[in-house]
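Remarks on the structure that follows.
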Amino acid sequence: MRTLIATAFVSLDGVVEAPGGEPGYRNSGWTCNDIVFDEAAYELKGREQDEATAMMLGRVSYEAFAPVWPTMTDEFPGYNAMPKYVVSTTLDERDLVSNWGETVILRSLDDVAALKQTEGGPIIIHGSATLNRNLSDADLIDRYHLLVFPVLLGAGKRLFSDTDRDKQNLKLVESESYANGIQKLIYDVVR
């Protein structure tokens, strides 16, 4: 069985929208605006690239990453080489870029659940706020890799939904705080 890992830059109040400067959000770039860079805080990002064997994205994140990431060969060589899974009911095969390796479209959460039952290593989910919320609500995420930033953003896409659901316990397996206020929190979902 494969492990599904949600990774996110998240504000203290749970917002994940536009951390790197994506247009259209009033607090765009909040991970770098007024936050002192500390390379140690981002060690997790390199480790994820080394440990993951596939990447999963929602349609919106795929459409944002696919034109850019394949050209960033120094920053994302591991991600560029690994298979990608895009969860979308609307994306068509002709919408996939040809220079980003093997990409498979999954049409439903049932398809994601079936993929998890296959042999292989961890699958990492990047961006994809809506997908993360839906996967979490369906109890399909196994681990969270969170870099929590010392900012309150108020409005914006959230990592977790506000669906009324049963309590989900998490087990802290790794944590670290950095001088710039970022906290690394890695949780396994308790089942």
Criterion side chain to side chain contact (heavy atoms under 4.5 Å, CB included) on W30 and L153, from CA distance to verdict: CA-CA 9 Å; W30 53 268; L153 299 173; 3.5 Å; yes

Could you check whether any side-chain heavy atom of [X] comes within less than 4.5 Å of a side-chain heavy atom of [Y], counting everything from C-beta outward?
X    : Y    : value
L4   : I125 : yes
S136 : Y144 : yes
H126 : M55  : yes
I105 : D111 : no
V87  : L57  : no
I123 : I5   : no
L172 : L185 : yes

For [X] and [Y], test the side chains for any donor-to-acceptor distance below 3.5 angstrom and give the result as yes or no.
X    : Y    : answer
T163 : R133 : no
H145 : Y187 : no
E48  : T7   : yes
T103 : Y62  : no
W69  : N80  : no

Give, for atom CG of L91 and atom CD of E63, the distance between the pair rounded to the nearest 0.5 Å. 6.0 Å

Between atom CD of E17 and atom OG of S11, what is the distance when rounded to the nearest 0.5 Å? 10.5 Å

Does atom CD of Q117 have more than 12 heavy-atom neighbours from other groups under 6.0 Å away? yes

Identify whether V15 and F9 are in the same connected component of the hydrophobic contact network (ILVMFWY, side-chain heavy atoms under 4.5 Å). yes

Full working for ring-ring contact (aromatic ring centres under 6.0 Å, His included) between F37 and Y42: CA-CA 9 Å; F37 180 77; Y42 298 93; 5.4 Å; yes

Is the closest basic N to carboxylate O distance between [X] and [Y] below 4.0 Å?
X    : Y    : answer
E174 : K184 : yes
K171 : D188 : no
D142 : R2   : no

D95 side chain to D92 backbone, donor-acceptor under 3.5 Å: yes

Please list, chain by chain and in numerical order, all residues satisfying side-chain contact (heavy atoms from CB on, under 4.5 Å) with Q168, sequence neighbours excluded. D139, R165, L170, V189

Given D110 and S108, is the side-chain hydrogen bond (donor to acceptor under 3.5 Å, both in side chains) satisfied, shown in steps? CA-CA 5 Å; D110 288 339; S108 68; 4.7 Å; no

My understanding is that only residues two or more places apart in sequence, or in another chain, count here; which of them pass side-chain hydrogen bond (donor to acceptor under 3.5 Å, both in side chains) with Q49? none

